[in-house]
Amino acid sequence: MGKALGVIKKVFKDPELRKKILIVLALFLVFRFLAHIPVAGVNINQLRSLFDQNQFLGLLDIFSGGTLSNFSILAVGIGPYIYASIVMQLSTKIYPKLEALQKEGEYGKKKITQYTRYATIPLSVLQSIGMYTLLRSQGLIGSLSVVDLIAFIATMVAGTMIIMWIGEIISEQNVGNGISLIIFAGIVGQLPVAVFQAFTTINAEQAINMVMLVVLGVLVISAVVFVNESIRKVPIIYAKRIRGANSAASQSTHLPLRLNSAGVIPIIFAISLVLLPSLLANYLVASGNVQVAGIGAWIIANFSVESILYNVVYFALILGFTYFYTALIFNPKDIAENIQQSGGFIPGIRPGKQTEKYLNFIITRITLFGAVFLGMVAILPNVLQAYTGIQSLVIGGASILIVVTVVIETVKVLQVQLVNRSYDKFLH
């Protein structure tokens, strides 16, 4: 904590970095302001009552930063953009042209980002239609004419585009991932309300459990920080170099491999997908067809937040996305080639293919530990909820992971920015 405060103090002393931070904070305020502008025609009081009674919808609301219970113009949220990002990242592994484009540096990155934006629009339209169907089935909104329905969908899609734009502007400030920070801002904005509800709805018997859970929460936060900071040091030796009459002795260093290289991205992806079945089930129940409604009712009954099936799928998705995203950002082949070209080698391991296999072996094992840890922390509140009976615990695991991880990553990015700024001043 002291280290983070020290970094923040140094950041605000630098004019350029202070400007970036103030821009990000201003964008957070815009996001929170827009999150409280409701869409016309929706009964907000009934909607909030529905969210209080439904754990799934309550989790979805926390994850959206309260935009759903307010049913603001940002109600669809950043979900469609996340789904589009997942599709595009999977596509780069399937289609050779996209894979080649991804390797074209900044140009390829910009093109893939542009394709992701295009894919976000139809996904936003589909989710907006589904949301209207759900609201209408619950009697929270009346039947809309064609023109009004188009205006409703256009408003929802525009809200998603606004959040996407805010996230990209934040990313351009180089203080962290914009989408992660937007989700972080939404969770932090809702946490005071969630904590207040938790302490006002518990009874005397649950009070002791709540105190124990607060202590457990502190321990979990400490564990998250520990795992995020943990690295596996792979030793590397650079051979002695001789240039003319000059010679340089061999050097020893290490390659740091993080236990959780993927950061918070697997949690965001996993939550986005694990919520889809329950969201789809609500639409099926409102379809009017007896058989289709029966399927929806079965999904709701067997895929609730506290069900074993939900938690198993949630855990499996976190494991899968952790490996998937780690594979995207860590390429053992490229690293092995760079080490070999620099005249380096890992003691006891031959350069080239053997080094690649060794690095792949190491990253696979440590990623398993990091992925299992993320999964356990994510489902822990659901297990504790069943044991203690405190319903508001459903927000805990994912929220803690996202908040703590985003804070750690942001502090690290700011530290790098400070080092770069100091280096630039030294050169000039």
Side-chain angles (χ1 to χ4, degrees), residues 8 11-12 14-42 44 47-48 51 60-85 110 113-114 116-121 123-125 127-128 131 151-194 264-265 268 271-272 395 398-399 402-403 405-407 409-411 413-414 417:
I8 293 174
V11 166
F12 275 92
D14 187 291
E16 185 174 337
L17 291 179
R18 181 170 65 245
K19 179 181 177 182
K20 291 182 177 182
I21 294 296
L22 291 176
I23 290 174
V24 172
L25 293 176
L27 290 171
F28 281 168
L29 289 176
V30 172
F31 167 66
R32 296 307 303 164
F33 173 74
L34 294 175
H36 288 83
I37 300 179
V39 176
V42 178
I44 301 298
L47 183 64
R48 289 176 179 170
F51 274 65
L60 196 61
D61 184 45
I62 288 291
F63 189 63
S64 70
T67 60
L68 276 175
S69 59
N70 296 325
F71 207 79
S72 72
I73 58 176
L74 307 182
V76 172
I78 200 64
Y81 184 73
I82 295 175
Y83 300 143
S85 299
K110 288 182 178 180
T113 300
Q114 192 66 29
T116 305
R117 293 170 185 157
Y118 293 149
T120 300
I121 297 175
L123 291 174
S124 301
V125 172
Q127 192 164 333
S128 300
M131 193 165 290
F152 176 89
I153 294 173
T155 302
M156 297 292 97
V157 173
T160 297
M161 295 297 105
I162 289 173
I163 296 182
M164 182 181 70
W165 174 75
I166 291 176
E168 291 184 357
I169 294 296
I170 292 175
S171 295
E172 290 176 1
Q173 306 307 312
N174 294 321
V175 295
N177 182 281
I179 300 304
S180 298
L181 287 170
I182 285 291
I183 296 174
F184 165 83
I187 293 174
V188 170
Q190 287 293 102
L191 279 180
V193 177
V264 74
I265 300 299
I268 295 175
I271 290 179
S272 299
I395 71 169
S399 300
I402 291 173
V403 170
T405 306
V406 168
V407 169
E409 294 301 319
T410 302
V411 170
V413 171
L414 291 176
Q417 292 275 355

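Computed from a predicted structure; not experimentally measured.
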(request) Could you check if a side-chain atom of Met161 sits within less than 4.5 angstrom of a side-chain atom of Ser124, using non-hydrogen atoms only? (result) yes
(request) Decide yes or no for Ile82 and Ile183: does some side-chain heavy atom of the first lie under 4.5 Å from some side-chain heavy atom of the second? (result) yes
(message) Going by the rule salt bridge (Lys or Arg N to Asp or Glu O under 4.0 Å), which residues pair with Glu168 if we only count those two or more places apart in sequence or in a different chain?
(response) Arg117
(message) Can you tell me which residue among Ile37, Leu29, Val30 is in a side chain to side chain contact (heavy atoms under 4.5 Å, CB included) with Phe33?
(response) Ile37
(request) Scan Ile179, Ile23, Ile182 and name whichever one has a side chain to side chain contact (heavy atoms under 4.5 Å, CB included) with Ile170. (result) Ile182
Name all residues meeting the side-chain contact (heavy atoms from CB on, under 4.5 Å) criterion together with [X]; count only those two or more places apart in sequence or in a different chain, and write none if there are none.
X: Tyr118; result: Gln114, Tyr115
X: Ala119; result: Ala84
X: Thr410; result: Leu181, Val406, Leu414

Shortest non-hydrogen contact from [X] toward [Y]:
X: Ser128; Y: Phe152; result: O-CE2, 3.8 Å
X: Ser72; Y: Met156; result: O-CE, 3.7 Å
X: Pro80; Y: Gly77; result: CD-O, 3.6 Å

Got a sec, which residues hit side-chain hydrogen bond (donor to acceptor under 3.5 Å, both in side chains) with [X], two or more places apart in sequence or on another chain?
X: Arg18; result: none
X: Gln173; result: none
X: Ser180; result: Asn177

(message) Taking Gly178's backbone N and O only, do any of them form a donor-acceptor pair with Ser171's side chain (distance below 3.5 Å, no angle check)?
(response) yes
(request) Sort and list the pairs that fulfil salt bridge (Lys or Arg N to Asp or Glu O under 4.0 Å) and have at least one residue in residues 181-191, not counting sequence neighbours. (result) none
